[in-house]
Amino acid sequence: MTLRLYNTLTRRIEPFEPLHPGRVALYTCGPTVYNYAHIGNFRTFLFEDLLHRWLQASGYDVFHIMNLTDVDDKTIGHATAAGKSLRQYVEPYIEAFHEDRKYLRIEDASVYPRATDHIPAMVGLVEKLLSQGIAYRGEDGSVYFSIARFPAYGRLSQLENRELKAGASERVSTDEYSKEDVRDFALWKAPGPSDETVGAVWDAPFGRGRPGWHLECSAMALHLIRERWGVEVLDIHAGGVDLIFPHHEDEIAQSCAFTGREEFARVWMHGEFLKTGGEKMSKRFGNITTPRDLREDGVDAGAIRLLMFQVHYRQQFDLTDQGLQSAQEGSRRLGEFQNRLLERRAAADAPAFEEAAERLDRELTGALDDDLNAPRAVAAMFAFVTAGNAALDAGQQAGPRAAAAWERAEGVLGVTSQVRVMKVTQRAEAGAAQEIAELSPTPPSDALEAERWAREWALRRARHKSARNYAEADRIRTLLGGHGFHIRDSKDGSIEVVRTGVAR
RNA sequence: GGCGCCGUAGCCAAGUGGUAAGGCAGAGGUCUGCAAAACCUCCACCCCCGGUUCGAAUCCGGGCGGCGCCUCCA
């Protein structure tokens, strides 16, 4: 069984074969840092994280480039409005992006190049296209790519069988007159007034200006993979479906014209949208949710990843409260099991675990090798949980084999919530007994203090319970439950206080 | 208008020719002072019509419904 991936270029699932055995050059389109990225953007980054992790788990040396777009109409527009330089304006959002991706357990890419750090590479690319006559200077001082001189244009988006909607875009207007063909796109843009103010202008032999949208990806990708491995074709290029046209189409055109090769990337992968209320989540529609919002609500990232990975990446799906709750519950169950499995790990595996582990390994590999079928991979984890819990209930022991299989699956998917369990034993009561004083019915805001608070209450409940004062014991249980601390009595008389979700 | 995707249980969602994975919710049971956790059991003929086939959720044609791209939007 080998890895098979859906390639947008051929519209088929095909066996994945990197250009050079054992290593993969992966480029993924990152965020435009003019604002906080929303969870829809992160759906794509999460899909790319899964790709990244699975390639690594499959033994590949992965060179993963994720760009940060820090110069475009939006960043310039917002910087202007804020009265800041481009660099100043963008900085906090870059930081926020990294915070968010760490929260969502998205592993580090190899490099995060910023567009404005690679202007020379872009200038070099434009110069070459100009000298080849594939690019030309318009009357407005911008440099355009001539589609007429690049016959292969349109393969990715199957443009040859398309018609543009009649009179569709009014935006063609502004620069239309200086372009030879409406479909030509800007490689380099003549500076506008605010470009100068925010410092988004660079000198170039063909005139002062700033890079067009698509240029950065080609220039940085080609520059970085040449530097790293001396190659000029990517193995995989990934992004959201909305980038297929024109962004990726244009990247292919300028890159291939530049390198003289037929391919810019061998495999093109695109993740589908996240919707809310039946519509694409987008800042334009104002229907966004950000990772920060979810973190505020105490949602464990494992639940978000589970939610995303329960749907195939090429399928649209709607984010709903019910869906999120359902994922939180499932992710919690995985967390409970993980605790059980790793705590009671024995020196050897019972046959039931040998078998379940073998099955999990096999099913995980089969699922992810099949165009990253994460829903099936997740299902395999749940099957392991059910079998594992049953075996544990029956007194069978889980050993290194079971732990390894679990860790491999969780290591790739990362869908498990942290479930913190505090054991409160009656013996500890001695120390607490003297402070019978008042105990607030609401927890302190500090997470650690809150835990201590919950423990206190749990001890009180234990006393009431041994005195058979069940009414009071139940009242305390309800009280704690209302603040996210769940009480569990176990047979040996000890009490567990269980906490799920992230501390705020 | 062009190109493309989707329609499977109360909700979400795999499966793409051989008789319906998984999650959540729900019902019953084991355990428990009661709970919780966990386990066991139960819960679908796959939007409609027609066709191909020994056999279709899966292929073809036609409907109906939803979404996306054609807009520097992941």
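Convention: sequence-line order gives letters A, B, ...; per-chain numbering from 1.
Within the shown strands, nothing qualifies as a pairing partner of A37(B) under the Watson-Crick or G-U definition with both distances less than 3.5 Å. In this structure A25(B) sits in no base pair that meets the Watson-Crick or G-U test at under 3.5 Å. The nucleotide A9(B) finds no pairing partner, because no Watson-Crick or G-U wobble arrangement with both distances shorter than 3.5 Å includes it. Pairing partner, C45(B): none, since no Watson-Crick or wobble contact has both distances short of 3.5 Å. Under the Watson-Crick and G-U wobble criteria, each requiring two contacts below 3.5 Å, nucleotide U32(B) is left unpaired. Across all strands shown, G1(B) forms a Watson-Crick or G-U wobble pair, both distances under 3.5 Å, with C70(B). C54(B): Watson-Crick or G-U partner is G18(B), with both key distances under 3.5 Å.
Distance NZ (Lys275(A)) to P (A74(B)): 18 Å, rounded to an integer number of Å. Atom CG in Asp318(A) sits roughly 8 Å away from atom P in C12(B) (whole-Å rounding). Straight-line distance from the CD atom of Gln158(A) to the C1' atom of G2(B): 12 Å, rounded to whole Å. Taking atom NE2 on His486(A) and atom C1' on A38(B), their separation rounds to 16 Å, with Å as the unit. For the pair Ile487(A) CD1 and C34(B) P, the interatomic distance rounds to 18 Å; values are reported in whole Å. Protein atom CE of Met422(A) is 17 Å distant from nucleotide atom P of A37(B), rounded to whole Å. Following rounding to the nearest Å, Arg314(A) (CZ) and G15(B) (C1') show an atom-to-atom distance of 14 Å. Following rounding to the nearest Å, Phe317(A) (CZ) and G22(B) (P) show an atom-to-atom distance of 20 Å.
A cation-pi arrangement, defined by a distance under 6.0 Å to the six-membered ring centre and an angle within 45 degrees of its axis, is absent between Arg101(A) and Phe45(A). Because its NZ or CZ atom is both nearer than 6.0 Å to the ring centre of Tyr36(A) and within 45° of the ring axis, Arg292(A) counts as a cation-pi partner of that residue. Cation-pi geometry between Lys283(A) and Tyr34(A) is met: the NZ or CZ atom falls under 6.0 Å from the ring centre, inside 45° of the normal.
Taken residue by residue, residues 472-480 of chain A places heavy atoms nearer than 4.0 Å to RNA chain B at Asp474(A), Arg477(A).
Using a 4.5 Å heavy-atom threshold, the side chains of Glu336(A) and Thr416(A) count as separate. Side-chain atoms of Tyr103(A) and Leu294(A), non-hydrogen and from C-beta on, do get closer than 4.5 Å to each other.
By the 4.0 Å N-to-carboxylate-O rule, Arg461(A) lies close enough to Asp489(A) to be salt-bridged with it. Under the 4.0 Å criterion applied to side-chain N and carboxylate O atoms, Arg210(A) and Asp72(A) are not assigned as salt-bridge partners.
Considering only the side chain of Asp489(A), G33(B) comes nearest among A14(B), G68(B), G33(B). Counting only heavy atoms from C-beta on, Ala379(A) has its side chain closest to A21(B) among A21(B), G23(B), G68(B). If you check A37(B), A14(B), C67(B) against the side chain of Val311(A), the one that comes closest is A14(B). Checking A14(B), A74(B), C39(B) against every side-chain atom of Ala390(A), the shortest atom distance belongs to C39(B). Closest to the side chain of Phe273(A), from the set A13(B), G68(B), G22(B), is G68(B). The side chain of Phe245(A) approaches C69(B) more closely than any other nucleotide in the set C69(B), A21(B), A74(B). The nucleotide whose nearest atom lies closest to any side-chain atom of His38(A) is, among C67(B), C24(B), A74(B), A74(B).
When the side-chain nitrogen and oxygen atoms of Arg340(A) are compared with OP1 and OP2 of A37(B), none of them lie within a distance under 4.0 Å. Considering only side-chain N and O atoms, Asn389(A) lies under 4.0 angstrom from the phosphate OP1 or OP2 of C39(B). For Lys280(A), a side-chain nitrogen or oxygen approaches OP1 or OP2 of C69(B) to under 4.0 Å. Between Asn373(A) and A13(B), a side-chain N or O to OP1/OP2 separation shorter than 4.0 Å is absent.
Contact annotation for Thr386(A): backbone-only contact, meaning every heavy-atom pair under 4.0 Å involves sugar-phosphate atoms and none involves a base. Using a 4.0 Å heavy-atom cutoff across all strands shown, Leu306(A) reaches no nucleic acid atom at all. Contacts of Arg332(A) with the nucleic acid, taken as non-hydrogen atoms under 4.0 Å apart, involve only primed sugar atoms and P, OP1 or OP2. Counting any heavy atom pair closer than 4.0 Å across all strands shown, Met381(A) reaches no nucleic acid atom. Among the heavy atoms of the strands lying under 4.0 Å from Gln315(A) are primed sugar atoms or P, OP1, OP2 only; no base atom is included. Nucleic acid contact class of Gly323(A) (heavy atoms, under 4.0 Å, all strands): none. Residue Gly278(A) is in sugar-phosphate contact alone, with no base atom involved, counting any heavy-atom pair closer than 4.0 Å across all strands shown.
Under 3.5 Å, the side chains of Ser417(A) and Gln328(A) contain no donor-acceptor pair of N or O atoms.
With both ends at atom P, the span from G26(B) to G65(B) equals 35 Å, rounded to whole Å. Spacing between G28(B) and U8(B) at atom C1', rounded to whole Å, works out to 26 Å. Annotation: A13(B) and A9(B) have their P atoms spaced 10 Å apart (nearest Å). For the C1' atoms, the distance from U58(B) to G7(B) is 14 Å, rounded to whole Å. Spacing between G18(B) and C6(B) at atom C1', rounded to whole Å, works out to 25 Å. Only the C1' atoms considered, C69(B) is 25 Å distant from C12(B), to the nearest whole Å. Using C1' as the reference atom, C5(B) and U16(B) are 15 Å apart when rounded to the nearest Å. For the C1' atoms, the distance linking C54(B) with U19(B) amounts to 13 Å, nearest Å.
Under the stacking criterion of a centre-to-centre distance below 5.5 angstrom and an interplanar angle below 30°, Tyr470(A) sits stacked against the six-membered ring of G33(B).
Under the salt bridge (Lys or Arg N to Asp or Glu O under 4.0 Å) test applied with Arg376(A), the options Asp369(A), Asp371(A), Asp370(A) reduce to a single match, Asp370(A).
With hydrogens and angles left out, the side chain of Arg376(A) and the base of G23(B) share no donor-acceptor pair within 3.5 Å.
Of all heavy-atom pairs spanning Val267(A) and Tyr6(A), the tightest one is CG1-O, 4.2 Å. Listed here is the closest heavy atom pair of His214(A) and Glu251(A): O-CG, 3.9 Å.
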- Going through the distances and angles, do Trp188(A) and Tyr144(A) end up as a ring pair (Phe, Tyr, Trp, His ring centres under 6.0 Å)? CA-CA 7 Å; Trp188(A) 190 257; Tyr144(A) 295 98; over 10 Å; no
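Between Arg333(A) and Phe45(A), the one whose closest nucleotide on RNA chain B sits nearer the 5' end is Arg333(A).
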